[in-house]
Amino acid sequence: MLDRNVFTWNSIISAHIHNRDITKARHFFDSAPFKDSVTYNTMISAYANTSSLELEGVKVFSSMQDTGTPFDDFTLTTMLNLTAKLLVLSYGKQLHSYMVKTANDSNSFTVSSLIDMYSKCGTFDDALRVFKGSSGLMDLVSKNAMVAACCREGDMDMASELFWRFSELNDTVSWNTLISGYAQNGCLGKALELFVLMGEIGMRWNEHTFTSVLSACSSLKSQKHGREVHAWILKNGLCLNPYISSGIVDMYCKCDNIEYAELVNASTGTENVFSVSSLIVGHSSRGDMVEARRLFDSLKEKNSVVWTALFSGYVRLRNCDAVFELFLDFNTNETQVPDALILINVLGGCAIQAALHPGKQIHTYMVRMGIKLDERLRSSLADMYAKCGEIEYAERIFKRAPCRDRVMYNSMIAGYAHHGYENKAIRLFEEMLERSITPDAITFIALLSACRHAGLVELGYKYFASMKQDYGILPEIDHYSCMVDLYGRTNCLDKAVELMKEIPVKRDAVIWGTFLNACMTNESMELAREAEESLLRIEADNGARYVQLANVYAAEGNWREMCRIRGKMRGGEVRKLAGCSWRWIMKLAKDQLLMQILEGVHHFCHMPNHKMNVVHVVQSQWFSTMKKEYLKFSAPWSGRHGKFYQTVAMLQFYEKCAIRLVQSSPESQNGLPTRINGDFIEDGKEDALLNDFSQHLRDRMMAVPNPE
DNA sequence: TTAGGGTTAG
């Protein structure tokens, strides 16, 4: 071309961008002898629309300022779009200020971009202010942007009100926005109704519509609706769209029809990371981690969602060793820092295993990597520390949190309840209410659990009744179990019996087991036998239940009945997983320090004349010193030290046992401790006892031949 | 020659 000018240069740059060759476009951009605002706008826009190159767009914008090229509406809207993508509110505010100063804020393009930017950067009120202050410039796109902002905010009433105002102007995007808003905010029935209505008024459905509707079917777990939608998609040849095909796969996974999900995924013939993520979750929720792992390994590119899908599968099945090993894999194979959800899962693994040391290491790692703590991470950390026995750490994290949501309160209330601080748990619940945070079903499990441990029958009942009356939460089986346990432990067996009859949901093995314990502590063999039948009907293959039953009869010396149960166990060829006997634990604990700790605990638990039990040992200074020493000298955490987890977990386990032992100690009243941290050692005798113990230890150690 | 709103998995 002989006569090149700025228009032709801009055109060739644009052509390369349309051809998705951003490198060539950049080459022409750099070598262009003439550049105007359009040249810059074109390049910024190209970078804004290319994932992982967004920051290049900011750099081009910066060079635009350096060269003194003036901004126009196009520059500003493109930059707002880029800001929304990068979620940098401060950029957005600077752009907005500039727009106001230069009177560049008054066309429908800038209005819609501002609404969108503020909404995506999380300041809904600013979006609303722009919307309200620009009524004369409002067009359909701006209105749709505002409806989308309301949906993001979760204010579906406002979204709906806006949608239906001048509804004759609504286009496909308007409908899709509201349908997706309903689907994402859990108003699934409304999403489906609107979808049907859309068809009835003659508005055409497109791939966006179907993606949202499939998501609604997935959340509803409604295969009936899902299959109707699938059929329509097949008829209209839309099934190869990756958004739609992964939506179908997800729908079948959520509806537990994994065979169909596999078929649909295979029929597309391409790798779709969304479909595979859904399949991994589908297989792992059926307990098939082998297939989940195979799918995971088959992916060429893994993102953090896929990693999390696998992590959460292992956590769900409580396979903590696999969680820790996977975390090592992650750190070996990925250059990226694990995101919040991955860390939450790993911390969840630590909590299940009561693996304090690994948990602390993850916490330290987070601090070192400068990972910003959000509410979810703080809650996970507090939960991990509470479940690993470090309630003070949990408390510290809770108190330092800049804002506390419901999950955080739930973790802490449960933590206090498990550690025997019922008053703190109850006070925290009251604080939660004062701060207008609405409790949910989980809050009440934690709260009832606190009451259960403290024998607070009346308060427990008050909370139980309040759940439904004040908060509209229907009690689930776990809430009933807490109440049955509470009644059982406080000599109110009649109330437990009554409650068992009232339960509107299916009674599971846990509640029958709880009820059986209640019968046992209240010495009602007749009721125990009834419970036995129900329990064995549900869990005929669980050996632990047979042993529990046998123990009920053994406790009252009813050997005939006990033999009958043991006979049933043999007849049904049921086995109970072996518990950890002291001997076995000693064998496992090869190193001497741990041996000392365990022997000490063992010794004191079996001293007939001392009023000392595992509680005292575990609470003693001696135990804590020993444990610290042990942790200090143990190998640092890594995948090769599975044994280390086991031993640390055991120590934690003893602490938990300790709390239980207090509750069932003969010193307690009505099966409840007189004091949770009860001092059963006579005052002033602790040192003598510990000395006695140390002497015993020394004697034992001398008697054991040195393995070296 | 350049710009704005709606979609999927943890």
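Residue numbers start from 1 in every chain, and the chains themselves are labelled A, B, ... in the order their sequence lines are given, proteins ahead of strands.
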May I ask you to say what Lys120(A) touches in the nucleic acid, namely base, sugar-phosphate or nothing, with a heavy-atom cut-off under 4.0 Å?
sugar-phosphate
Please assess Ser63(A) against Asp66(A) for the test side-chain hydrogen bond (donor to acceptor under 3.5 Å, both in side chains), listing each intermediate value before the final yes or no.
CA-CA 5 Å; Ser63(A) 69; Asp66(A) 295 342; over 6 Å; no
By the 4.0 Å heavy-atom rule, please label Asp171(A) as base, sugar-phosphate, or nothing.
base
Nearest to the Ser246(A) side chain among dT7(B), dT8(B), dA9(B), which nucleotide is it?
dT8(B)
Heavy atoms from C-beta onward define the side chain here; which of dG10(B), dG4(B), dT2(B) lies closest to that of Ser142(A)?
dG4(B)
Assign Thr110(A) to base, sugar-phosphate, or nothing according to its heavy-atom contacts below 4.0 angstrom with the strands shown.
nothing
By the 4.0 Å heavy-atom rule, please label Ser304(A) as base, sugar-phosphate, or nothing.
base
Specify the separation, in whole Å, of atom CZ of Arg376(A) and atom P of dG10(B).
13 Å
Can you name the nearest heavy-atom pair linking Leu76(A) to Leu95(A), along with the distance?
CD2-CD2, 3.9 Å
Shortest side-chain distance from Asp72(A), nucleotide among dT2(B), dG10(B), dT8(B):
dT2(B)
Are Phe109(A) and dA3(B) stacked, counting the six-membered base ring, centres under 5.5 Å, planes under 30°?
yes
With distance as the sole criterion, do the side chain of Thr77(A) and the base of dA3(B) form a donor-acceptor contact below 3.5 Å?
yes
Got a salt bridge between Asp30(A) and Arg26(A), using NZ or NE/NH1/NH2 to carboxylate O under 4.0 Å?
yes
May I ask you to say what Thr42(A) touches in the nucleic acid, namely base, sugar-phosphate or nothing, with a heavy-atom cut-off under 4.0 Å?
sugar-phosphate
Rounded to the nearest Å, what distance is computed from the CG atom of residue Leu82(A) to the P atom of nucleotide dG4(B)?
11 Å
Round to a whole Å and report the spacing from CG of Asn303(A) to C1' of dT8(B).
12 Å
Which one, dG4(B), dT7(B), dG10(B), comes nearest to the side chain of Lys254(A)?
dG10(B)
Rounded distance in Å - CE (Met79(A)) to P (dG4(B))
13 Å
Are any non-hydrogen side-chain atoms of Ser174(A) and Lys143(A) less than 4.5 angstrom apart?
no
Please evaluate the base of dG4(B) for a donor-acceptor partner in the side chain of Ser112(A) within a cut-off of under 3.5 Å?
yes
May I ask you to check whether Tyr40(A) and Phe71(A) place their ring centers less than 6.0 Å from one another?
no
Taking atom types as they are modelled, would you say the side chain of Asn345(A) forms a donor-acceptor pair with the base of dG10(B) within the 3.5 Å cutoff?
no
Check: Trp175(A) ring centroid to Phe195(A) ring centroid under 6.0 Å:
no
Any idea which of dG10(B), dG4(B), dT2(B) is nearest the Ser14(A) side chain?
dT2(B)
So, is Ser180(A) close to the dT7(B) phosphate, meaning a side-chain N or O under 4.0 Å from OP1 or OP2?
yes
Could you check whether Asn206(A) gets within reach of a base, just the sugar-phosphate, or nothing at all, counting any heavy atom under 4.0 Å?
base
Sugar-phosphate only, base, or nothing, as touched by Ser37(A) at under 4.0 Å among non-hydrogen atoms
nothing
Report which part of the nucleic acid Arg316(A) touches: base, sugar-phosphate, or nothing (heavy-atom distance under 4.0 Å, all strands).
nothing
Any N or O donor-acceptor pair under 3.5 Å from the base of dA9(B) to the side chain of Asn272(A)?
no
Atom CD1 of Ile233(A) and atom C1' of dT8(B): how far apart are they, to the nearest Å?
12 Å
Just compare dA3(B), dG10(B), dT7(B) and give me whichever is closest to any side-chain atom of Asp73(A).
dA3(B)
What's the CG-P distance between Asp36(A) and dT2(B), to the nearest Å?
12 Å
Asn81(A) side chain N/O closer than 4.0 Å to the phosphate oxygens (OP1, OP2) of dA3(B)?
no
Taking the ring centre of each residue, are Phe29(A) and Trp9(A) less than 6.0 Å apart?
no
Nearest to the side chain of Val38(A), heavy atoms from C-beta on, is which of dA9(B), dG10(B), dT1(B)?
dT1(B)
Donor-acceptor pair under 3.5 Å, Asp339(A) side chain vs dG10(B) base
yes
Nearest whole Å is fine: how far is dG10(B) C1' from Gln336(A) CD?
13 Å
Against the side chain of Tyr243(A), the closest entry in dT1(B), dG4(B), dT8(B) is dT8(B)
The side chain of Thr211(A) lies closest to which of these nucleotides: dA9(B), dT7(B), dG10(B)?
dT7(B)
Any side-chain N or O of Lys143(A) less than 4.0 Å from the OP1 or OP2 oxygen of dG4(B)?
no
Rounded to whole Å, the NZ-P distance (Lys85(A) to dA3(B)) equals 14 Å
Which one, dA3(B), dG10(B), dT1(B), comes nearest to the side chain of Asn10(A)?
dT1(B)
Check Lys190(A) with Glu193(A), please: is the shortest side-chain N to carboxylate O separation under 4.0 Å?
no
